[in-house]
Amino acid sequence: MPPKPGERIDRSTSVEFSFDGKKITAHEGDTVGSALYAAGQRTFSRSFKYHRRRGLMCCAGQCPNCLVAVDGAPGIRACTEPVREGARVEHMNARPSLGVDAMAITDAAGPFTPPGFYYKTFIRPRRLWPAYEWVLRHAAGLGRLPREQAERTWRTEYRRRHADVLVVGGGDAGLNAAIAAAELGADVVLADEGAELGGRLLWEGGHDHARKLADRARAARVEILTSAPALAHFDGLVPVWQGDTLHQIRARHHVYATGAIEQPLVFPGNDLPGVMLSGGARRLLGRYGVRPGNRAVIVTASDRGIRTAIALREAGIEVPAVADLRAEPSRACSRLLSQGVAVLNGWTVVAARGRREVRAAVLAPVAAGESHGQDREVECDLVLVSGGDSPASALITQAGGRTEYDSARGYFRIAEVPPNVTVTGQVAGEGSFQTAQISGEHAGLQAAHALGLGDNRSRRRAQELRSRLAAADRGAEAVPPAEVPHAAGKAFACLCEDVTAKDIHRGIKEGYDSIELCKRFTTVTMGPCQGRMCQLPSVRLMAQDTGQSLEQVGTTTARPPWSTVPIGALAGRPFEPAKRSSIHGRHRELGATVRWAGDWRRPYDYGDPEGEALAVHRSAGLIDVSTLGKLLVRGPEAGEFLDRLYPNRHSSLKPGRVRYGVLTSDAGRIMDDGTVTRVDEMSFYVTTTSSGAGAVEQWFSWWLADWGMDVHLADVTQAVSAVNLAGPRSREILTRLTDLDCSPEAFSYLDARHARVAGVPCLLLRIGFVGELGYEIHFPAAYGEDLWDAILEAGAGEDIRPFGLEPQRVLRLQKQHIIVGQDTDSESTPFGAAMPWAVKLDKEQAFIGKWALAHAAEHPATTALVGFTLDNGHVPTEGAVVLDTLGHAAGQVTSARSSRQLERVIGMAWVPAELARAGAPITILDEGSRRSASVVTEPFHDPSGKLLRS
Amino acid sequence: MSLDFTVPVASSEERTARSPMERLARAAGASFERRDGWNVAAGYGGDASVEAARITDTVGFCDRSVLTKLDIQARAEVLADLVARVAGGLELKPGRASRSPDGSTWWCPITPTRLLVLSEPRSGWDVHTALDGAASAAGEELVTIADVSCGLAALTLAGPGAGELLSRFCAIDVRPGVTPVAAFRPGSVARTPGYVLREGADRLLILVGWALGAYLWEVVADAAGHLGGGPVGTDALAAAGGGLSATAAGVAEDSADA
């Protein structure tokens, strides 16, 4: 076509891409769809179930007809995808080719694939199901993802944007709303799914006006996002997808100017290539300079189709007939009539004929019913339908808005919106060129006023606009019938899912007679268009069949996402907060195997877990225990506070002493364990398990708030790093690094000392988890690597080795030290876990869980935690079942390892209480095999604790 | 006994305190100097103009983990009195940090009974000492001053793109009208608990747990790279002005890479 003002393409440029291997030349500004259409392509895809030919229909990214794969990415709408030099575009859902599709046979096999056929057919004989499944899986779906993906550089950005006003929709109304709000001082973001602002102004002759509005918006400092569809409305958060960025927009007020979606009509052959929405043809013509056809029949329910007829004739396209569903001609028709165009009022299309493309349209009076007598068959290569509008209300209903059926207009209009939402333009029923601008400005003023902006002048202006809106003439529209029973052939209600009008009738007959049930049974509205094309037609069909009003039938629930979005966008940027100790870098350099332990990255071993464990027994080992939870509890009532929390006593601790503590819940169950050190008269230093740190801090804080005691808590878990130096040579190594007297007399077991170690201020605790002489050294995290290096250097001559979590697990198991959460569960009490000494029921201070523990003391549990050994070398699975004497499951293995030091397999398990005695035989059922084991009730290594206390 | 084992000692000549981001900064080309007992990334790549351009044109991010951070708890009235004595009459307002008259310290109320004090290391010792003295003068009142300098890692985002950079990993609304200069906001930063302090029109200080410092660097570096920004050293930040002054007052004790 000759150049037109406002067209999007740059005819001086040329862009080449391929479609199914064939080279296509386009212009900058073209879409893949417009370029292919200009090159003569009419079939763009094959439909989902019947593999019928489908061509361009909406040219607005709303229908499913032009889905293609671009550079391997499937599900791209050709009609909105910009052309790109060298792009590889391929058809989807057809084999071997778009022109000859073997699966088109399914079109003839309709009786075998009615809605819900998978519940009725392909079921028997059952033994053939694997074959049926293979066939169905390969027949279903649209597009394929490549199994091997080349290295891709695409990334998703997440951007959080707060705003005063978010305007969704950049047409006439939306632009005016954004400008009005911004000019009153609001911080406004405007998001539009189109590549250019202006909406239908761009193809209905208003491109200059659109450009001026866009310039005004920019001058008012509106942030404009184009090619940016809004995906949903989640409690005030609206995600907008743009390119590779997901904008998460939180606005105080939302203005929805999302427009209305032109509706198709339901008639046999309504899916043939060449049957388009009138807007689709206008876009091809006005934006891309592409001739949509040579001879067009137009069927319309409003002046929109009339305007399309006029535009086509101006472009030199023949219009032999216009079927206007309205009974009376509108003023707009007069121009066509004066040109001799046949305008048939009260008529509609009852069939489109053609095989690969439309060849003729059959028109008949709307009221003709089944009478064929007045049919008129008109030859054409284009049937343009405009079956009224349906407001794009999905985002508004997600925001809490409500719709109700407007029988005058034949659609579900917005009836109610929440206080922080305004609707404007076509979506609000103000879609004429006269009213869109007024409605938009009014909406913008309303939004600004709701935020406390504006003044008397702006309020008077809003009042004036309201009056003008009330007086405006909105034009007449006809309400199309659900379908006109007429010719044979498939009349599609849902193009995405290949659901015909007959399918809807059948579903209702089978009892799926509510719109939600019908949707789930037939899958109508569940395809790529998400009801844009088919919600209203399906509701009409249902109303017709059931005798209900459309209001009674209602609509289905609009669920996000409203627009297509890659799953990668929703996955977003992977933020995986990983806590790393201050020594982490050194562990990596030492070749540690690093794994997750809760939300920390920890070294599991340094390549030789057995050797590392042996080093602790023979010389010395060093482990990073910085992940331990650490809390400062300080105040004149700190001791009493701890006494209330723990079942044992801590207030009696003297400064410089450490005590092991088991924290219990209200129900007396073990929650966590750790140590309590009295640093000075008023200060206690509490350690917890690594994974329990957060929960313990919350527990302490909760009870402190409840009791209102004169105590302060400070979480220093990350501020303080810690290492455990353990082994028979640990004292010698430590002595080289500090002036502290480390003799057993001066620094005995369960003492705490403050000293500088390698120049670093430290708190040293003589405690042990690994069964050997050991020192837990706590220090400011900023010195992690330096202190670690200093200790290893000092111990180099003693064969000191770093050791990780895995050898530590073996070492602590040798001492039968529990790991809370592994050896205990939510029912474990200190009594059952062989720690009765941790509970002081006789202490004066009431404590959490006391009642429950007193009860547990009087009513011993039926199971107990014990150690065990196996002689056959098999290491049972953690979780393996322990059987009672009758062979019933009565307990489980919680920990199990092979100890090289002890040269046997050891473990811990919950066993029936009557078997919790030294030497008792137990049976472990592990992976189907029964294993005999013996109970061991005291630590496997150094049972007397002599080494620990040396 | 004392709580010294939580306090990085600047006077230690044997050991140098290190930020959790040090390795990543080094990998990004940082040159280090020992200042006030800390290993500080003074600059990147040797070309100060590149760093200056980041701060003026796009966005730079600077490791400020060396800041002294004190967590102070007391009854509200006692806390207010403490601050008034030590900080020259500053008032505490929720959501709003106050800067000491000499510009060296931010006083950031977390709750009416809890305060976070941020200071350059050298000023931080003086503030800590002054607070200890004021706490003693409070008599029987319980006042806890915990040094959490190694409990919080810190990054300053500086430049016109600071807000945009933050928006890539944090949903806190830092528009100037909502978060003006001196606004102090606890919240989720890169999916972890943290704080955001607007130090200046184009300057945001973010704090997260020390053990998450390296993770924060990775998140920020990735987002900044996508926006055309990059790391800047403390010298470039100090030269650009605003916020707490960089350790220009701290003597470069060892210009060799510590």
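Chain naming here is simple, since letters A, B, ... match the order of the sequence lines and numbering starts at 1 in each. Keep in mind that what you see is a predicted model, and the values were worked out from it rather than measured.
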Could you tell me if the side chain of [Y] sits less than 4.5 Å from the side chain of [X], heavy atoms only?
X: P636(A); Y: L142(B); result: yes
X: R588(A); Y: R23(B); result: no
X: H712(A); Y: I145(B); result: no
X: P20(B); Y: R580(A); result: no

May I ask you to name which of [options] has the most heavy-atom pairs under 4.5 Å with chain A?
options: T192(B), V178(B), L166(B), T6(B); value: T6(B)
options: C170(B), S65(B), A153(B); value: C170(B)
options: R114(B), Q73(B), E164(B); value: Q73(B)
options: L212(B), L216(B), D147(B), V219(B); value: L212(B)
options: E218(B), R75(B), R175(B); value: R175(B)

Open item on the list: Which heavy atom of P780(A) sits nearest to which heavy atom of V7(B), and what is that distance?
Closed with: CG-O, 3.4 Å
Task: Minimum heavy-atom distance D786(A)-R18(B), with the two atoms named - done: OD1-NE, 2.9 Å
So which part of [X] gets closer than 4.5 Å to some heavy atom of chain B, the side chain, the backbone, both or neither?
X: D789(A); answer: neither
X: R586(A); answer: both
X: E785(A); answer: side chain
X: A781(A); answer: both
X: R601(A); answer: neither

- [ ] Mark yes when over 12 heavy atoms from residues, nucleotides or ligands other than R191(B) sit less than 6.0 Å from its CZ; otherwise mark no.
- [x] no
Open item on the list: Quick check on R221(A): does its CZ atom have over 12 non-hydrogen neighbours (other residues, nucleotides or ligands) under 6.0 Å away?
Closed with: no
Open item on the list: Checking the side chain of H162(A) only, and the main-chain atoms of A171(B) only, is there a donor and an acceptor separated by less than 3.5 Å?
Closed with: yes
Task: Any donor-acceptor pair under 3.5 Å from Q718(A) side chain to G151(B) backbone - done: no
Open item on the list: Using 0.5 Å steps for rounding, measure from the OG1 atom of T144(B) to the CG atom of L632(A).
Closed with: 8.5 Å
Task: Reported OG-to-CZ distance for the pair S188(B) and F575(A), which is rounded to 0.5 angstrom - done: 10.0 Å
Task: Engaged part of V143(B) at the chain A interface, taking heavy atoms whose separation is under 4.5 Å - done: backbone
TODO: Could you look at L152(B) and say if it's the side chain, the backbone, both or neither that has a heavy atom under 4.5 Å from chain A?
DONE: neither
Task: Verdict with supporting geometry, E157(A) and R168(B), salt bridge (Lys or Arg N to Asp or Glu O under 4.0 Å) - done: CA-CA 7 Å; E157(A) 282 294 299; R168(B) 299 306 167 106; 2.7 Å; yes
Task: F5(B) ring center near Y685(A) ring center (under 6.0 Å) - done: yes
Task: Between R160(A) and S167(B), a side-chain donor and acceptor under 3.5 Å - done: no
TODO: Name the member of C762(A), A578(A), S683(A) that forms the most heavy-atom pairs with chain B at distances under 4.5 Å.
DONE: A578(A)
- [ ] Just give me the residue among K630(A), M682(A), E576(A) that pairs up with chain B most often, heavy atom to heavy atom, under 4.5 Å.
- [x] E576(A)
- [ ] For the pair R756(A) and R15(B), evaluate side-chain contact (heavy atoms from CB on, under 4.5 Å) and give the outcome as yes or no after the intermediate values.
- [x] CA-CA 11 Å; R756(A) 282 192 179 232; R15(B) 298 294 158 204; over 6 Å; no
